[in-house]
Amino acid sequence: MHVAIAGNIGVGKTSLTERLAKHYKWESHFEDVDDNPYLDDFYKEMQRWSFNLQIYFLKSRFMQIKQIREENKNVIQDRTIYEDAHIFAPNLHAMGLMTSRDYDNYMGLFQLLDELVPPPDLIIYLRASVPTLVEQIQRRGRDYESTIRIDYLNRLNERYEAWISNYDRGKLLIIDTDHINFIDNQEHLGEIINRIEAEINGLF
């Protein structure tokens, strides 16, 4: 079984991935952040590095999915391959931070890869308002995220909502994180697990 967690920057994808992997004894696959050679440069000079960054993420996520399918284990994945293509790349293009030539090239490659991989059995979408995202980004204190603008997060949120409202590739569970704290509150985590159980049981 392949479960993936989707959501905006700072929404808690990695934290929930870690907790669900521990609870279910699933193998976890995380977004390649620490070893990403483009991320720091991208936040300093978005227009110069946007295409490079998106290609790197596309490659690493495709490799993750390939590995997940080959190993045939129960896996939980931090972020999906769809988010780059439906959220981040179009947003960069719309903001003038990725040229039309690069964007068309990227989307053509994504569409080819998308035909080769099946969707996750379940996507868990973590929804949060921009103030919640800002608070959580500041709390984790990553240097390269210190320059993220509020209008950038807001644009991403709008695109996430548009994507999720039309998602029809498989099971989808939406969790509003503005009023729950699954990191520090075990009851809140338990509520999420109960909702996941209901979705998983419907898969079999």
Side-chain angles (χ1 to χ4, degrees), residues 1-31 33 39 43 57 61 74-88 90-91 94-95 119-203:
M1 183 172 60
H2 177 195
V3 175
I5 300 182
N8 206 343
I9 301 164
V11 77
K13 295 182 299 300
T14 300
S15 297
L16 186 58
T17 298
E18 291 170 344
R19 284 155 179 77
L20 294 180
K22 182 178 179 181
H23 176 80
Y24 287 107
K25 296 181 172 56
W26 289 340
E27 184 173 297
S28 52
H29 287 249
F30 294 98
E31 187 172 33
V33 171
L39 204 54
Y43 280 121
F57 274 135
R61 274 190 250 285
N74 290 328
V75 170
I76 184 161
Q77 182 185 22
D78 175 356
R79 186 161 271 156
T80 69
I81 197 170
Y82 306 117
E83 290 163 84
D84 290 309
H86 293 285
I87 315 299
F88 290 93
N91 185 61
M95 292 176 69
D121 299 299
L122 171 66
I123 286 183
I124 302 168
Y125 170 55
L126 301 182
R127 171 185 281 152
S129 64
V130 170
T132 297
L133 296 174
V134 170
E135 179 183 339
Q136 293 179 174
I137 288 169
Q138 290 174 342
R139 186 187 306 155
R140 68 187 183 189
R142 292 175 180 168
D143 288 342
Y144 60 81
E145 291 179 342
S146 62
T147 57
I148 295 178
R149 294 163 48 123
I150 289 176
D151 63 331
Y152 180 67
L153 291 173
N154 190 57
R155 284 169 175 264
L156 295 179
N157 253 4
E158 291 173 357
R159 290 186 180 275
Y160 264 107
E161 291 300 319
W163 170 58
I164 284 297
S165 67
N166 293 299
Y167 181 77
D168 60 359
R169 303 287 298 273
K171 287 266 190 179
L172 173 66
L173 173 61
I174 299 175
I175 297 173
D176 193 323
T177 66
D178 275 350
H179 305 295
I180 62 170
N181 180 4
F182 60 81
I183 295 174
D184 302 313
N185 189 316
Q186 287 298 311
E187 287 187 11
H188 290 176
L189 180 61
E191 291 170 9
I192 292 175
I193 289 171
N194 288 339
R195 293 183 64 189
I196 292 170
E197 292 281 353
E199 294 294 337
I200 290 175
N201 290 335
L203 291 171

Is there a donor-acceptor contact under 3.5 Å from the side chain of [X] to the main chain of [Y]?
{"X": "Arg195", "Y": "Glu191", "answer": "no"}
{"X": "Lys13", "Y": "Gly7", "answer": "yes"}
{"X": "Ser15", "Y": "Gly12", "answer": "no"}
{"X": "Gln136", "Y": "Gly10", "answer": "yes"}
{"X": "Thr132", "Y": "Ala128", "answer": "no"}

Regarding [X] and [Y], do their side chains bring together a donor and an acceptor under 3.5 Å, going by distance alone?
{"X": "Asn181", "Y": "Asp184", "answer": "yes"}
{"X": "Glu83", "Y": "Thr80", "answer": "yes"}
{"X": "His188", "Y": "Gln186", "answer": "no"}

Are [X] and [Y] close enough that some pair of their side-chain heavy atoms sits under 4.5 Å apart?
{"X": "Ile5", "Y": "Tyr125", "answer": "no"}
{"X": "Ile183", "Y": "Arg19", "answer": "yes"}
{"X": "Tyr152", "Y": "Ile9", "answer": "yes"}
{"X": "Arg155", "Y": "Met95", "answer": "yes"}
{"X": "Pro119", "Y": "Tyr167", "answer": "yes"}
{"X": "Val3", "Y": "Asp121", "answer": "no"}

How many angstroms lie between atom [atom1] of [X] and atom [atom2] of [Y], to the nearest 0.5 angstrom?
{"X": "Gln77", "Y": "Ile124", "atom1": "CD", "atom2": "CD1", "answer": "12.0 Å"}
{"X": "Leu16", "Y": "Ile192", "atom1": "CG", "atom2": "CD1", "answer": "5.5 Å"}
{"X": "Ile200", "Y": "Ile193", "atom1": "CD1", "atom2": "CD1", "answer": "9.5 Å"}
{"X": "Leu189", "Y": "Ile180", "atom1": "CG", "atom2": "CD1", "answer": "9.0 Å"}
{"X": "Leu133", "Y": "Leu153", "atom1": "CG", "atom2": "CG", "answer": "6.0 Å"}
{"X": "Arg159", "Y": "Asn157", "atom1": "CZ", "atom2": "CG", "answer": "12.0 Å"}

Geometric class of the Phe88/Tyr160 ring pair [parallel <30°, tilted 30-60°, perpendicular >60°]: perpendicular
Parallel, tilted or perpendicular, as decided by the 30° and 60° cut-offs, for the rings of Trp26 and Tyr24: parallel
Evaluation steps, side-chain contact (heavy atoms from CB on, under 4.5 Å), between Ile123 and Leu173: CA-CA 6 Å; Ile123 286 183; Leu173 173 61; over 6 Å; no
Presence of salt bridge, Arg139 and Glu135, under 4.0 angstrom: yes
Shortest non-hydrogen separation from Thr17 to Ser28 and the atoms involved: CG2-CB, 4.0 Å
Taking every non-hydrogen atom, the tightest pair across Ala4 and Pro120: CB-CG, 3.8 Å
Full working for side-chain contact (heavy atoms from CB on, under 4.5 Å) between Thr177 and Arg127: CA-CA 6 Å; Thr177 66; Arg127 171 185 281 152; 5.9 Å; no
Arg61 to Phe57, cation-pi by 6.0 Å centre distance and 45° axis angle: yes
Residue pair Ile76, Glu27: steps toward the side-chain contact (heavy atoms from CB on, under 4.5 Å) verdict: CA-CA 6 Å; Ile76 184 161; Glu27 184 173 297; over 6 Å; no
More than 12 heavy atoms from other groups under 6.0 Å of CD1 on Ile174: yes
